[in-house]
Amino acid sequence: MPGIPQRVYSVGRLAARTKIPAEMYARLRAAILSGGGHGFVPPESKAPSCTREVRFSIALALLLCFVLIVPASARDWHLARFDTQMSVAPDGVVDVTERLDLVFVGSYHGIHRDIPIEYPGPHGSNYTLFLQVTGVTDGAFPLKYDSTTQNGYRHLTIYIPGAVNTTRTVEIHYTVTNAVRWFDDHDELYWNVTGNGWAVPIDSASTHIVFPVNASGELRAQAFTGQYGSHERDATVQVGGNAVSVATNDPLSMREGLTADVYITKGVLTQPSLLTQTIWFVRSNSIVLLPLWAFLVMFFFWWTKGRDPKPDISVAPRYEPPKGMTPAEVGTLIDDAVHPRDITATLVDLGVKGYLKIEEVVNTFPFSRRDYIFHLLKPQQSEWASLEPHERVMLHGMFSAGGGMADLKQLLGSLAQRTPQFGALTNLQQVRTALDGLVPDDATGNATDVHLSDLKNHFYAALPAMKENILAVLKGKGMYSVDPRSAHVYVLLGVLFTFVGFIVVQVLMHVLGVVSLLGSPGLFLLSAIIAVVIIILFARIMTAKSQKGVDTKVEILGLQEFITRVDADRLKRMPPDTFEKILPYAMALGIENRWAKAFQGILQNPPNWYVGQMPDMAFNPILFAGSMHSMAMDANQAFVAAPRASSTGSGWSSSDSGGGSSGGGFGGGGGDAF
């Protein structure tokens with residue numbers, strides 16, 4: 001600046017920023033301009049002889065000391081008064097007006113006010129205080145404010161213009177829908193008036209609560225002061241008519257607050273209906289809607305993808321199975337699942353087709369378990385070309401080398417060849433030769449005869465392949481638009497759309513203030529389990545047949561109708577092999593006994609592919625069906641039997657080596673200035 005020394009200009013800018021008194025600035029300026037002079041040194045003192053630079057340095061140092069000391073005490077604020085006016089409506093809705101008298105020392109822009117709205121509920125649930133801010137004023141004119149929900153608090157940022165070395169009033173108006181707590185013998189308004197989160201003292205705090213007129217003589221009240229959890233009662237409580245007044249006796253220090261607890265006789269207020277309380281609970285614990293959301297998601301999938309089309313034909317009796325369908329495929333298509341009876345029906349059907357001969361072994365000992373010998377009549381795999389994949393898997397699983405007696409023969413032969421030098425083992429070859437007479441091999445080395453008991457712990461490995469092939473064949477024949485194997489896809493889609501979609505909707509509803517995101521871990525776990533169960537149950541019915549599959553199912557139902565209601569006159573006119581050809585299908589449908597009963601007195605000769613314990617006995621279809629049922633049960637037990645897992649643990653054993661408190665109830669919180 002022209003005409004002003006640079007040092008004077010710098011000090012002036014510093015003084016302007018720190019707002020030092022004008023008199024002190026004038027004396028500093030005069031001292032600098034005069035080179036020290038009497039403008040800075042007291043009149044009766046004698047200034048030492050020094051250069052202008054030294055004098056300027058001393059003056060600047062004193063000014064800096066003042067700058068560092070003054071701001072520490074120039075910016076401060078506190079609450080001179082915290083007064084709350086509350087009006088309780090007959091339905092329990094509370095209208096609240098908080099009046100805050102704020103004293104600012106220094107420059108401020110406004111205050112923050114935090115009011116908790118999330119509380120622990122009964123049985124580990126969440127309780128949300130439905131608080132709606134209706135306005136913020138300075139006692140006369142509106143103030144600008146921002147309202148958000150953060151970490152279970154309603155966070156208000158209130159802007160106060162001109163908050164510089166002054167006193168300002170802020171009035172916050174809001175309503176609370178569910179502030180009253182309802183008990184069996186009384187109701188209660190337990191309200192934290194000021195909150196215990198203020199980092200500044202409060203000179204005085206008070207509240208005046210007005211209830212409906214019929215509350216006169218039906219109220220009792222108490223108050224608590226101090227830090228959170230304190231039982232101090234340093235407050236005056238007055239109950240007059242339908243109103244309660246509470247005021248602190250002494251100032252509140254930082255983090256101390258005032259809490260009012262009002263007892264209300266039952267019947268003064270109208271308790272909300274069960275439906276209203278349920279809605280409140282759901283809004284506070286929106287996670288309980290997760291199962292409903294899962295149901296809606298999976299219902300949509302089922303409605304659009306998982307339903308069978310309507311059949312083009314009606315159910316009418318059919319006298320033969322659907323063309324090109326094996327018993328296992330018929331049993332699977334009727335209920336969209338591969339059952340054990342579908343597997344054992346395949347065993348009987350292979351006998352009917354001439355691939356097997358089934359011989360029941362005579363029991364040697366009383367009460368001994370039945371056994372059967374299966375004779376492979378077509379051992380060459382080239383003869384299996386006309387069979388379906390699951391039928392070839394069954395034959396291979398039963399008669400493949402390495403299973404049952406064939407395993408034993410192979411093992412003994414190997415030992416005989418590898419250990420000829422041991423005299424004790426020279427008879428191994430003889431044993432193997434004897435076994436050849438019992439269990440002959442085909443040209444490929446596979447056994448052609450096998451006992452049912454030999455299939456235990458062996459055949460189980462073929463079951464997954466059989467089931468997979470049955471479903472694959474049905475899919476390949478165009479019976480399904482969504483086959484049972486695709487159910488797991490809808491489990492994944494259901495989980496994805498249920499949980500991700502629910503989170504998105506929840507966040508949106510939370511932003512709109514409709515629901516709360518906070519909830520208890522217990523409710524979340526329970527709701528998630530129920531949702532997953534719903535998804536799995538829907539996935540089980542997501543299988544959808546094609547139009548061809550539906551029409552084929554109608555044909556199966558027609559065959560079932562024929563088997564169930566067939567009359568003897570019609571059976572007499574049918575081919576002689578009708579009984580055994582349809583028997584496997586009747587077994588797959590679980591109605592073989594009805595089929596056999598219909599042939600009682602008509603059929604005289606047993607099937608040539610089955611040999612019973614007493615082959616010379618007169619043939620009885622009902623007894624034969626019972627034998628087939630028993631064999632199916634025994635075969636199922638043998639087929640599913642798997643070897644037990646051995647222990648892999650260590651070989652070493654152990655021997656080898658009415659009350660209440662400050663901060664209780666609803667309301668409260670705290671705030672800060674900025």
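What you are looking at is a predicted structure, and each value in this text was computed from that prediction instead of being measured. Along the sequence shown, residues carry numbers from 1. What's counted below: heavy atoms across the whole structure, side chains too, no hydrogens, waters or symmetry copies.
A side-chain donor-acceptor contact under 3.5 Å links Ser216 to the backbone of Val213. Side-chain atoms of Gln547 come within 3.5 Å of backbone atoms of Lys310 as a donor-acceptor pair (strictly under, hydrogens ignored). A donor-acceptor pair under 3.5 Å is absent between the side-chain atoms of Thr225 and the main chain of Ala235, judged by distance alone. Within the 3.5 Å criterion, the main-chain N or O of Thr498 finds a donor-acceptor partner in the side chain of Trp293. Judged purely by atom type and a 3.5 angstrom limit, Ser253 has no side-chain atom pairing as donor or acceptor with the backbone of Glu256.
Residues Asp83 and Ser206 bring a donor and an acceptor atom of their side chains to less than 3.5 Å of each other. Under the 3.5 Å distance criterion, with hydrogens and angles disregarded, no donor-acceptor pair is assigned to the side chains of Tyr263 and Gln222. Between the side chains of Asn285 and Asn126, no donor N or O sits under 3.5 Å from an acceptor N or O. Counted by atom type alone, Asp138 and Thr169 present zero donor-acceptor pairs between their side chains at under 3.5 Å.
Within 6.0 Å of the CD atom in Gln238, the count of heavy atoms belonging to other residues, nucleotides or ligands does not exceed 12. Environment of CG in Asp184: sparse, with no more than 12 heavy atoms of neighbouring residues, nucleotides or ligands closer than 6.0 Å. The environment of CZ in Arg307 is crowded: more than 12 heavy-atom neighbours from other residues, nucleotides or ligands sit within 6.0 Å. In this structure, Met633 places its CE atom where only 12 or fewer heavy-atom neighbours from other residues, nucleotides or ligands lie under 6.0 Å away.
In this structure, Phe459 has its ring center under 6.0 Å from that of Phe639. The aromatic ring centroids of Phe301 and Phe497 lie less than 6.0 Å from each other. Aromatic ring centres of Phe300 and Trp303 lie farther apart than the 6.0 Å criterion allows.
Contact between Glu329 and Lys477 at its shortest, heavy atoms only, is OE1-NZ, 2.8 Å.
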